[in-house]
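First listed ligand is number 1; within each ligand, the first listed atom is number 1. None of these values were measured; they are calculated from a predicted model.
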Amino acid sequence: MADQHSGGPQPGHGKDNLIPGVKYVIAVSSGKGGVGKSTVSVNLAVALSLTGAKVGLLDADIYGPNIPMMMGVSKPPEQKDGKIAPAESHGVKLISMGFFVPEETAVVWRGPMVHTAIQQLFRDVLWGELDYLLIDLPPGTGDAQLTLTQLVPLTGAVTVTTPQEVALHDVRKGMMMFQKVNVPLLGIVENMSYFLCGHCGERTEIFSHGGGERAAAKLGVPFLGRVPIDPAIRDGGDSGTPIVVADPASPQSAAFREIAQKIIAGVTGETKGVPPIESLLNKIKNPFAKA
Ligand SMILES: Nc1ncnc2c1ncn2[C@@H]1O[C@H](COP(=O)(O)OP(=O)(O)O)[C@@H](O)[C@H]1O
Ligand SMILES: [Mg+2]
């Protein structure tokens with residue numbers, strides 16, 4: 001593995017840019033599995049596209065590629081002139097390792113295979129012009145993370161965590177890895193932050209309180225926001241209709257839109273407000289309509 005320590009080259013520089021039409025490449029990472037990295041990835045991707053941006057979502061979680069299911073895509077993508085045309089769903093272009101590789105095969109992959117596979121998802125896919133390409137990484141700090149920092153100029157990394165200490169410990173390790181290879185840390189999203197009782201409205205902090213915010217303060221990175229634990233969010237993932245589309249007026253969806261807005265502000269410097277709900281609802285009726 002090439003030496004990628006700080007003081008070395010900027011991520012992706014000195015190599016051919018495999019995705020020249022993409023303005024901002026954002027990695028979504030997590031210290032451990034099951035914290036909602038994919039759930040956050042799909043909802044942020046759709047929330048970003050609802051602002052009028054052109055958005056792609058690359059499922060690079062070779063060991064647990066759930067994005068097609070969460071976005072309601074079951075058909076493998078089509079080929080065009082020897083290249084792969086990404087699937088499109090809820091206004092987002094997407095491609096997943098899961099379309100090409102049975103999960104049980106990828107589990108035994110070693111570094112060079114991971115590298116080649118991820119390289120193909122950039123080089124052989126017709127991503128075209130995009131404002132944002134979100135990349136759902138496998139959890140932790142393995143070969144996929146290193147490959148990514150070597151292959152494309154990453155705009156930054158967003159890290160998803162749950163609020164309790166054991167999860168946060170792994171978050172710090174993950175963020176330090178990105179820091180070491182000069183990838184800017186765009187911030188921390190705290191998922192499954194609290195539970196709002198549907199009957200009495202009481203708020204319960206199942207996994208403790210404020211851990212994500214404390215970790216962000218300690219690491220000196222932005223805290224991007226909290227997403228509650230909510231059966232409708234899980235249901236959105238299982239049914240292929242992310243909650244920002246299924247129930248855009250809900251506070252859960254507002255949380256995702258606000259996080260998306262903070263990410264936009266973080267990478268572009270734009271700080272315009274969250275779009276009014278009416279404009280979002282109009283777009284959702286026809287997600288493929290040209291703006
Ligand atoms: N905020 C949430 N509220 C309820 N369920 C959630 C939430 N976030 C994620 N889940 C559910 O938890 C499970 C794990 O989430 P997932 O996004 O697959 O995690 P990861 O990609 O980190 O492994 C999924 O079933 C998902 O629907
Ligand atoms: Mg996942």
Side-chain angles (χ1 to χ4, degrees), residues 26-47 57-73 89-90 92 94-99 101 103 106-107 114 118 121 134-142 144-145 148 157-164 166-171 173-175 188-198 203-209 211-212 224-248 250-260:
I26 299 172
V28 183
S29 68
S30 69
K32 51 169 90 252
V35 298
K37 177 173 46 63
S38 302
T39 303
V40 169
S41 299
V42 297
N43 280 288
L44 287 183
V46 178
L57 179 54
L58 189 159
D59 183 5
D61 190 347
I62 38 187
Y63 309 116
N66 304 134
I67 297 288
M69 183 182 149
M70 290 182 168
M71 290 289 276
V73 176
S89 182
H90 307 299
V92 172
L94 70 103
I95 212 81
S96 170
M97 203 60 111
F99 288 139
V101 187
E103 264 177 70
V107 170
V114 173
I118 293 184
L121 293 187
L134 262 56
I135 302 174
D136 184 13
L137 281 168
T141 55
Q145 282 75 1
L148 192 63
V158 169
T159 296
V160 182
T161 184
T162 45
Q164 74 275 37
V166 283
L168 294 168
H169 181 77
D170 296 339
V171 163
K173 277 197 295 194
M175 296 198 106
I188 292 180
V189 174
E190 188 181 275
N191 187 34
M192 312 201 204
S193 195
Y194 55 89
F195 173 72
L196 275 184
C197 175
R203 181 170 167 139
T204 309
E205 288 171 334
I206 294 175
F207 295 120
S208 164
H209 173 81
L224 298 172
R226 308 193 150 82
V227 178
I229 183 163
D230 188 280
I233 295 180
R234 199 250 327 118
D235 193 44
D238 286 348
S239 66
T241 309
I243 187 151
V244 291
V245 180
D247 188 4
S250 64
Q252 297 88 318
S253 296
F256 282 119
R257 286 197 301 273
E258 277 166 33
I259 294 165

Does any N or O of ligand 1 fall below 3.5 Å from an N or O anywhere on Gly33, backbone included?
no

Smallest heavy-atom separation, Ala144 atom then Ile118 atom, equals CB-CD1, 3.6 Å

Within 4.0 Å of some non-hydrogen atom of Asn191, the atoms of ligand 1 are 1 (N), 2 (C), 7 (C), 8 (N), 9 (C)

- Flag: protein heavy atom within less than 4.0 Å of atom 4 (C) of ligand 1: yes

All heavy atoms of Pro65 vs all of Ser96, minimum pair found to be CB-OG, 3.5 Å

Give yes or no for whether the N/O distance cutoff of 3.5 Å, strictly under, is met between Lys37 and ligand 1.
yes

CE (Met70) and OG1 (Thr241) are apart, to the nearest 0.5 Å, by 12.5 Å

**Prompt:** Taking both backbone and side-chain atoms of Thr39, is any N or O found less than 3.5 Å from an N or O belonging to ligand 1?
**Reply:** yes

side-chain hydrogen bond (donor to acceptor under 3.5 Å, both in side chains) filter on Arg234, not counting sequence neighbours, yields Asp238

Atoms listed for the Mg ion (ligand 2) (protein only, N, O or S, under 2.8 Å, no waters) are Ser38 OG

Self-check item: Min N/O separation Pro228 to ligand 1 under 3.5 Å
Solution: yes

Residues passing the side-chain hydrogen bond (donor to acceptor under 3.5 Å, both in side chains) test with Asn191, sequence neighbours excluded, are none

Side chain or backbone, does Gly237 bring an N or O within less than 3.5 Å of an N or O on ligand 1? no

Contacts of Asp136 meeting side-chain hydrogen bond (donor to acceptor under 3.5 Å, both in side chains) (sequence neighbours excluded), chain-then-number -> Lys37, Ser38

Check your understanding: What do you reckon, does Lys32 have a nitrogen or oxygen under 3.5 Å from a nitrogen or oxygen of ligand 1?
Key -> no

Q: Could you say whether the N/O atoms of Gly36 and ligand 1 ever approach to under 3.5 Å?
A: yes

If we number the atoms of ligand 1 from 1 as shown, the ones under 4.0 Å from a heavy atom of Ile229 are 1 (N), 2 (C), 3 (N), 4 (C)

Logged contact type for Gln252 with ligand 1, heavy-atom cut-off 4.0 Å, is neither

